4 protein chains.
Amino acid sequence: MEIKKGMSVLELIQEMGGSGVLGAGRVYRATELLAEVIKDEDTAVFLSVAGPLVPGGLRKIIRNMIKDGEVDVLITSGANITHDLLEAFGGRHHRGIEEDDETMCEHGMGRIADLYTKSEDFEVFETEIAKILADIAAKDDHLSIREFLTLIGSSLDDDESILKTAADNNVPIYAPGFIDSMLGLQLWMFTQDTKLHIDASGDMAELSDIVYDSKKVATMILGGGLPKHYALASNLLKGGVDAAIQITMDRSETGSLGGAPLEEAKSWAKAKAGSKLVTVVGDATIIFPLILAGAKEMNQRSME
Amino acid sequence: MEIKKGMSVLELIQEMGGSGVLGAGRVYRATELLAEVIKDEDTAVFLSVAGPLVPGGLRKIIRNMIKDGEVDVLITSGANITHDLLEAFGGRHHRGIEEDDETMCEHGMGRIADLYTKSEDFEVFETEIAKILADIAAKDDHLSIREFLTLIGSSLDDDESILKTAADNNVPIYAPGFIDSMLGLQLWMFTQDTKLHIDASGDMAELSDIVYDSKKVATMILGGGLPKHYALASNLLKGGVDAAIQITMDRSETGSLGGAPLEEAKSWAKAKAGSKLVTVVGDATIIFPLILAGAKEMNQRSME
Amino acid sequence: MEIKKGMSVLELIQEMGGSGVLGAGRVYRATELLAEVIKDEDTAVFLSVAGPLVPGGLRKIIRNMIKDGEVDVLITSGANITHDLLEAFGGRHHRGIEEDDETMCEHGMGRIADLYTKSEDFEVFETEIAKILADIAAKDDHLSIREFLTLIGSSLDDDESILKTAADNNVPIYAPGFIDSMLGLQLWMFTQDTKLHIDASGDMAELSDIVYDSKKVATMILGGGLPKHYALASNLLKGGVDAAIQITMDRSETGSLGGAPLEEAKSWAKAKAGSKLVTVVGDATIIFPLILAGAKEMNQRSME
Amino acid sequence: MEIKKGMSVLELIQEMGGSGVLGAGRVYRATELLAEVIKDEDTAVFLSVAGPLVPGGLRKIIRNMIKDGEVDVLITSGANITHDLLEAFGGRHHRGIEEDDETMCEHGMGRIADLYTKSEDFEVFETEIAKILADIAAKDDHLSIREFLTLIGSSLDDDESILKTAADNNVPIYAPGFIDSMLGLQLWMFTQDTKLHIDASGDMAELSDIVYDSKKVATMILGGGLPKHYALASNLLKGGVDAAIQITMDRSETGSLGGAPLEEAKSWAKAKAGSKLVTVVGDATIIFPLILAGAKEMNQRSME
């Protein structure tokens with residue numbers, strides 16, 4: 001590898017590809033595959049998101065991917081939805097933590113590694129989401145999670161919101177475990193008084209249709225958890241995904257899904273025999289912007 | 001530390017406590033705290049399970065903890081429920097993988113690191129669970145997840161089953177993300193034809209009551225994911241848990257919940273100020289049997 | 001797996017063997033192999049030690065293995081030698097760190113994760129080792145590292161010392177990178193005034209002879225680093241080790257030796273084709289006492 | 001963060017700095033600090049290299065840093081020196097491993113994760129280095145390791161070699177553990193017949209002088225091991241480094257030096273109170289080219 005003056009992200013990644021081994025090799029192959037699946041009109045791209053990625057700075061990146069038609073389906077944890085809404089309602093994610101956790105609690109600061117949120121922002125969240133839930137319940141009392149998230153998205157003013165952008169661009173969001181989040185908690189509290197039923201299993205038909213109707217499916221997996229499982233499992237009915245890229249810091253030896261090599265999915269028919277699979281071991285807040293910038297540049301250049 | 005002839009597990013752990021630092025120190029403190037919370041009648045123990053722990057050999061250990069009254073609440077991933085049912089219906093988890101993933105798929109073998117399941121066992125699972133779902137739907141068409149799991153458990157013949165033992169011993173099982181599992185898939189397919197509504201948010205009231213009614217709550221957390229989040233979040237309404245032990249292989253630097261130090265929960269009022277918290281970094285299939293054996297022996301000795 | 005009343009360490013490990021997969025399976029296989037290589041008179045056992053294992057509580061365990069004839073060769077980092085000497089001269093390893101690193105420096109406390117040493121103990125170390133170096137230099141001015149460490153060991157009063165026990169029991173200690181340690185620093189300072197040449201390459205002949213003269217060689221590897229490399233490389237000339245067990249927390253994806261699977265050594269003829277190899281991912285201060293206790297018990301029982 | 005069209009590496013890193021948290025925040029701060037220490041004429045930069053970084057593609061990057069005056073001192077493992085020489089003598093590092101380790105051994109292929117070397121290249125290495133050793137021994141029979149490496153470097157024809165470039169540019173290379181490497185093995189074999197004494201402790205005086213003569217010292221640490229320890233310890237005599245950046249995949253909980261947070265060095269007076277310290281958790285073959293490219297661009301822009 002060689003560092004050149006003012007090199008672009010793609011040029012750096014191509015240097016990594018020239019070496020082609022260890023982490024650098026994986027970054028190159030991930031970039032190449034991501035470029036390919038984004039570009040290919042026959043490939044539906046499922047973006048699976050777990051971990052503190054909205055707080056970690058990827059909110060705009062994910063939102064832009066949706067707006068630019070680079071993502072066909074978003075599968076996410078409830079936490080990332082909650083944090084997207086937090087920002088949509090005016091809240092922020094802060095850095096610069098000086099204090100210990102007990103003091104932070106007294107000051108209404110909730111810590112996520114080296115960033116924090118303020119409880120006052122969650123109070124605004126609670127007020128605002130209650131209004132939205134009331135509006136939704138007034139029109140429908142039985143919705144799938146995906147429909148529910150689309151309606152929430154449509155109610156928002158913030159164009160930078162992932163939910164709003166997804167709603168405006170007809171990109172479905174699936175969050176099978178969303179009940180376990182601040183949003184899920186607010187929903188539950190709301191439903192103590194008002195009839196509003198959100199059907200967790202109602203999304204499977206819709207997602208299955210998308211899988212069936214897609215010539216090919218590629219999953220871009222950030223982190224692990226329910227989103228990874230759901231993204232891969234939804235492709236069972238078609239013999240598995242055609243391509244997958246994952247960025248994870250989890251290890252494979254414990255057998256957890258998050259750290260499992262993508263090849264393992266082949267044994268479950270969740271990835272097709274011969275499918276293209278790349279895993280990069282690293283922090284998604286570093287590696288995803290890196291490979292996405294490289295992939296977009298790769299596609300731009302191939303169009304010139 | 002010193003190795004002595006025919007030493008018991010507790011004696012080994014006490015040697016680790018004598019050193020008191022690094023991983024050995026953590027194992028000692030985790031054992032001591034686990035013994036304390038199991039023994040204390042005023043402390044409700046929530047066991048949170050994520051990762052391939054039923055396939056990984058912990059099925060009987062968890063089942064026995066429930067039978068012996070050492071666990072008051074079980075919070076688990078849908079995968080562990082599925083694998084418990086797989087065994088209840090006569091299936092097994094196998095070792096000795098020789099082939100690559102594509103060949104395994106052809107042979108109906110689904111891989112989880114160095115173990116596998118057979119698709120024929122999943123076919124039995126599908127047949128058996130369909131019968132149980134039919135029985136359940138005939139009597140109730142609207143259940144919380146907890147009630148649903150209790151009814152399934154009551155229908156089983158296998159006394160070694162976690163679900164059956166929990167049902168027989170009135171230990172509630174919460175699985176907020178269960179829809180994302182083979183069981184969730186079977187349920188969804190069943191509900192295409194038959195009315196059976198499982199309410200994901202219905203459990204929050206019940207679990208909140210348990211938290212309120214308990215003088216103290218301790219969470220024993222294996223792995224991370226939804227179960228860890230749900231176990232800690234359910235204690236928000238009482239200012240947080242009084243004690244927590246976690247065994248994880250996840251790292252803290254990415255900010256993911258699984259790798260987050262338990263101290264971080266204090267900033268969210270999910271762990272009380274002054275709560276006793278211990279994290280052991282390691283594989284749960286090694287560390288949990290180790291500290292549980294030590295904890296039980298510690299309690300036996302204190303009763304003599 | 002099942003937890004039984006007052007179970008011994010071996011009984012716990014046998015339960016892990018009954019499951020046979022993931023971390024528990026590896027612990028069982030490591031215990032079984034360690035028992036075998038310790039018991040087999042035709043197998044020379046090389047114990048390779050890297051990481052803060054003397055500070056971490058394994059001093060007595062390693063010392064006893066040497067005394068009991070369970071270890072034929074010790075290969076270690078200079079740090080572990082230094083910490084063995086620190087204790088031999090009356091120093092200790094302390095726990096209970098309250099302060100931040102800058103304050104600790106002011107108080108003469110050097111931190112290693114959750115333990116620390118006191119600078120006053122290092123001052124004693126410097127005084128004592130200077131006397132020993134003077135005695136050694138008076139008799140020899142040219143030594144191999146192994147001879148040097150044997151002479152230091154013979155000078156000590158502390159029977160619990162690894163160096164003394166090794167010297168008293170004719171177990172050679174190799175420390176190819178020892179110059180990079182407090183002991184190496186003291187040696188260098190001493191040699192500014194006094195002629196004492198320690199030959200780093202002088203040990204290869206001796207270690208090669210041991211490899212040649214051993215029917216079989218097994219390496220028990222704690223951590224990675226120079227000790228792991230040296231332990232494996234010394235067996236090149238005989239086509240590789242016959243067996244190896246490693247306990248490490250390093251990952252394999254970066255290509256570093258510490259995290260490399262033992263199978264990789266076969267490609268370098270550092271492990272024979274068909275050699276028995278087991279890796280346990282975990283903290284050595286937990287896993288090594290565990291498998292050693294199990295292995296010793298396994299051998300005792302087979303003799304009854 | 002936002003991905004922009006054809007963004008440069010620095011622009012991407014600045015986006016990461018805009019978020020400022022988790023891994024992305026660390027990459028930004030590491031880039032900023034690296035730019036600062038490279039630019040500051042009063043700061044001597046010690047580059048510490050452990051792990052398979054020459055095989056991993058960083059050979060040219062390190063060589064160019066030396067040539068461009070960005071590195072004042074190189075501290076490295078013997079393995080990286082060996083692999084630099086392998087390439088200098090015409091050998092290469094290959095990718096595309098299809099076979100298992102036993103087959104690779106039969107084919108003379110030595111594996112390092114997903115790359116390999118060919119034994120025929122090592123045979124050339126052995127022949128070539130023997131000639132160089134003979135030339136060196138003919139003129140000097142007593143050298144420090146640093147002098148030895150400088151003489152080897154001067155003998156080479158390959159301008160892309162790290163050793164040759166260092167020799168040509170008067171950049172000293174320290175490798176305290178070099179005896180444990182193929183080069184060390186060849187040296188030992190050579191010295192069975194010819195008098196050539198390489199003094200492991202001879203470098204401390206020289207390196208101490210460099211530390212004393214430098215107004216400030218910054219260490220750029222790739223991986224851990226002996227190089228990390230040596231780089232930090234050499235600064236003890238001046239109260240510690242003024243700045244340090246490390247890229248590692250090791251964890252901190254085991255207490256190993258490789259995974260230890262740089263803050264811990266403050267307690268040992270190996271990093272000054274108030275020193276600037278940044279750790280990025282990741283694969284050095286990805287992260288180092290990334291932050292170096294960003295740092296160089298940052299400095300270029302500040303000069304415009």
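This one's a predicted model, so the numbers in the text were calculated from it and none came from an experiment. Naming convention: chains lettered A, B, ... in sequence-line order (proteins, then strands); numbering from 1 in each chain.
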Quiz prompt | Residues in ring pair (Phe, Tyr, Trp, His ring centres under 6.0 Å) contact with D/His94, at least two apart in sequence or another chain | solution =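 By the ring pair (Phe, Tyr, Trp, His ring centres under 6.0 Å) rule, D/His94 matches D/Tyr116.
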Among side-chain atoms of D/Ser144 and D/Asp203, is any donor-acceptor pair under 3.5 angstrom?
->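 Yes, a side-chain donor-acceptor pair sits under 3.5 Å.
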Exercise for the section: Could you name each residue pair satisfying ring-ring contact (aromatic ring centres under 6.0 Å, His included) that touches residues 190-209 of chain D, not counting sequence neighbours? Expected result: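 Passing the test, one end in residues 190-209 of chain D: C/His197-D/His197, D/His142-D/His197.
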* Asked: Under a 4.5 Å heavy-atom cutoff, which of C/Arg111, C/His229, C/Glu263, C/Met109 has the most pairs with chain D?
  ->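 Option with the top pair count is C/Arg111.
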*chain D contacts, top residue of C/Thr285, C/Ile286, C/Leu226, C/Leu185 (heavy-atom pairs, under 4.5 Å)*: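 Ranked by contacts with chain D, first place is C/Leu226.
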Query - Heavy-atom pairs under 4.5 Å with chain C, option from D/Ala284, D/Gly255, D/Gly224 with the top count - result: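 Result: the option with the highest number of such pairs is D/Gly255.
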Which answer fits [X], side chain, backbone, both or neither, if we ask what part of it has an atom under 4.5 Å from a heavy atom of chain D?
X        : answer
C/Glu253 : backbone
C/Tyr174 : neither
C/Leu53  : neither

TODO: Verify whether the ring centers belonging to C/Phe178 and C/Phe148 lie closer than 6.0 Å.
DONE: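 Yes: the rings meet the under 6.0 Å criterion.
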Checklist entry - For C/Thr248, which residues count as a side-chain contact (heavy atoms from CB on, under 4.5 Å) partner, sequence neighbours excluded? => result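 side-chain contact (heavy atoms from CB on, under 4.5 Å) list for C/Thr248, sorted by chain: C/Gln246, C/Asp250, C/Thr279.
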Residues of residues 267-278 of chain D near chain C, each having a heavy atom less than 4.5 Å away: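 D/Ser267, D/Trp268, D/Ala269, D/Ala273, D/Gly274, listed by number.
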